[in-house]
Amino acid sequence: MNTTKRNAMSVDIFGTTVTVTFANGKDLAIDTATLSPEIQRMAMMHGIKQKLVDAGAIARNTETGASASIEDKYAAVREVYERLTSPNGTWNKQRGDGGEGKSTGGTNNLLIRALMQMTGRDKDYVDQFLSAKTKEQRAALKRNPRVVAIIAELQAAKAGDVDTDALLGELGAEPVEQVANVETGEPMVTPQLAMPAPKRRKAPVAA
């Protein structure tokens, strides 16, 4: 029996608030600033631990493509360790110090953001995940219906106050309502339904 796996939940961080949104539409939010000092301390310890562990969760050496050795994993964790403990340490890589990585430099940043939103993972983890994939695999990920839906949301948010439906209306495209995929629950729009039917030329009447 074939089943389609759905993403059960996603995690978003805004300011000091962490929100977990579930596939059933419900969500739970925690403002970390309101937590007790002990819970904040434990959360910090867990975050540091997970940050280092995630850095070592690589399948392949990004330069050779060979399976990652223990030395490769150590080097990946060491890189994060040094960044966190440096005087001007940052939680994530900055663009100036190779934040995109050699293998993912050409990857659309929207894909990275979409995978971060879908999985709740941070940018470093997603970067390392993608760096171990081939160009064809990354391209296939961008065509996945669930990823496409999130990328569409990100692009729509970036459009800001521009009324893109009005612009499409100038071309004759009729507005349509998004419908949910019966298998994945993700919103989708069939391109053919979003465009008006082509006008057919009438055949000339024979004399």
Side-chain angles (χ1 to χ4, degrees), residues 5-105 107-133 137-138 141 144 146-147 149-151 153-154 157:
K5 184 178 179 181
R6 290 186 58 185
N7 188 44
M9 58 185 184
S10 61
V11 181
D12 295 297
I13 300 176
F14 184 78
T16 60
T17 300
V18 178
T19 303
V20 182
T21 303
F22 296 83
N24 59 5
K26 297 180 179 180
D27 61 67
L28 297 170
I30 296 179
D31 184 350
T32 58
T34 65
L35 299 177
S36 70
E38 176 61 16
I39 293 179
Q40 289 183 355
R41 186 185 73 83
M42 292 302 296
M44 178 183 69
M45 298 298 291
H46 175 76
I48 294 294
K49 180 196 76 172
Q50 199 62 45
K51 185 75 168 177
L52 297 173
V53 170
D54 285 351
I58 56 176
R60 296 186 178 280
N61 180 300
T62 57
E63 295 184 358
T64 66
S67 297
S69 66
I70 189 63
E71 289 301 323
D72 293 327
K73 293 176 181 291
Y74 171 79
V77 176
R78 177 83 186 188
E79 180 183 345
V80 174
Y81 161 82
E82 290 179 348
R83 186 173 71 249
L84 294 177
T85 58
S86 66
N88 298 314
T90 59
W91 186 254
N92 291 319
K93 279 185 178 181
Q94 302 301 302
R95 288 187 178 275
D97 59 4
E100 293 297 329
K102 289 185 178 179
S103 297
T104 61
T107 302
N108 192 327
N109 189 51
L110 282 173
L111 174 60
I112 297 175
R113 291 171 58 196
L115 294 179
M116 288 171 62
Q117 181 173 316
M118 176 184 290
T119 65
R121 298 285 191 177
D122 64 24
K123 187 174 184 296
D124 278 353
Y125 188 93
V126 176
D127 270 341
Q128 291 182 6
F129 167 80
L130 290 175
S131 70
K133 307 304 176 187
Q137 288 175 318
R138 293 195 295 270
L141 275 174
N144 179 278
R146 290 186 294 164
V147 177
I150 296 177
I151 288 178
E153 291 177 4
L154 294 173

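Basis for what follows: all heavy atoms, side chains included, without hydrogens, waters or symmetry-related copies. Positions are given from 1 along the sequence.
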Self-check item: Backbone of Ala55 reached by a side-chain donor or acceptor of Lys73 within 3.5 Å
Solution: no

Quiz item: Does the cation-pi check pass for Arg78 over Tyr74, that is, NZ or CZ under 6.0 Å from the six-membered ring centre and within 45° of its axis?
Solution: no

Exercise. Measure from the side-chain N and O atoms of Arg83 to the backbone N and O of Thr90, and report whether any donor-acceptor pair falls under 3.5 Å.
Key: yes

Exercise. Under the side chain to side chain contact (heavy atoms under 4.5 Å, CB included) rule, what do Leu115 and Arg121 come out as? Steps first, then yes or no, please.
Key: CA-CA 8 Å; Leu115 294 179; Arg121 298 285 191 177; over 6 Å; no

Quiz item: With side chains defined as the heavy atoms from C-beta onward, is the minimum distance between Met116 and Tyr125 less than 4.5 Å?
Solution: no

Quiz item: Do the side chains of Phe129 and Leu141 get nearer than 4.5 Å, heavy atoms only?
Solution: yes

Quiz item: So, the side chain of Arg138 versus the backbone of Leu130: is there a donor-acceptor pair under 3.5 Å, distance only?
Solution: yes

Practice problem: Starting at CD1 of Ile151, measure out to CZ of Arg146 and round the result to the nearest 0.5 Å. | Solution: 13.0 Å

Quiz item: So with a 6.0 Å cut-off around CD1 of Ile48, is the heavy-atom count from everything else above 12?
Solution: yes

Practice problem: Please tell me if the side chains of Met9 and Thr21 come closer than 4.5 Å, counting only heavy atoms from C-beta onward. | Solution: no

Quiz item: With sequence neighbours excluded, what pairs up with Asp72 under the side chain to side chain contact (heavy atoms under 4.5 Å, CB included) test?
Solution: Ile58, Asn61, Ala68, Ser69

Practice problem: Determine, stepwise, if the pair Arg113 / Lys123 fulfils side chain to side chain contact (heavy atoms under 4.5 Å, CB included). | Solution: CA-CA 8 Å; Arg113 291 171 58 196; Lys123 187 174 184 296; over 6 Å; no

Quiz prompt | Side-chain heavy atoms of Leu52 within contact of Val80, under 4.5 Å | solution = yes

Quiz item: Between atom CD1 of Ile150 and atom CE of Met118, what is the distance when rounded to the nearest 0.5 Å?
Solution: 4.0 Å

Quiz item: Quick check: does any side chain N or O of Gln40 sit under 3.5 Å from a backbone N or O of Thr32, one acting as donor and the other as acceptor?
Solution: yes

Self-check item: Separation between CZ of Phe22 and CG of Leu28, rounded to the nearest 0.5 Å
Solution: 5.0 Å

Exercise. Check side chain to side chain contact (heavy atoms under 4.5 Å, CB included) between Ala29 and all other residues, then give those that pass, not counting sequence neighbours.
Key: Thr17, Thr19

Quiz item: Please walk me through it: do Asp122 and Lys51 pass side chain to side chain contact (heavy atoms under 4.5 Å, CB included)?
Solution: CA-CA 9 Å; Asp122 64 24; Lys51 185 75 168 177; 3.0 Å; yes

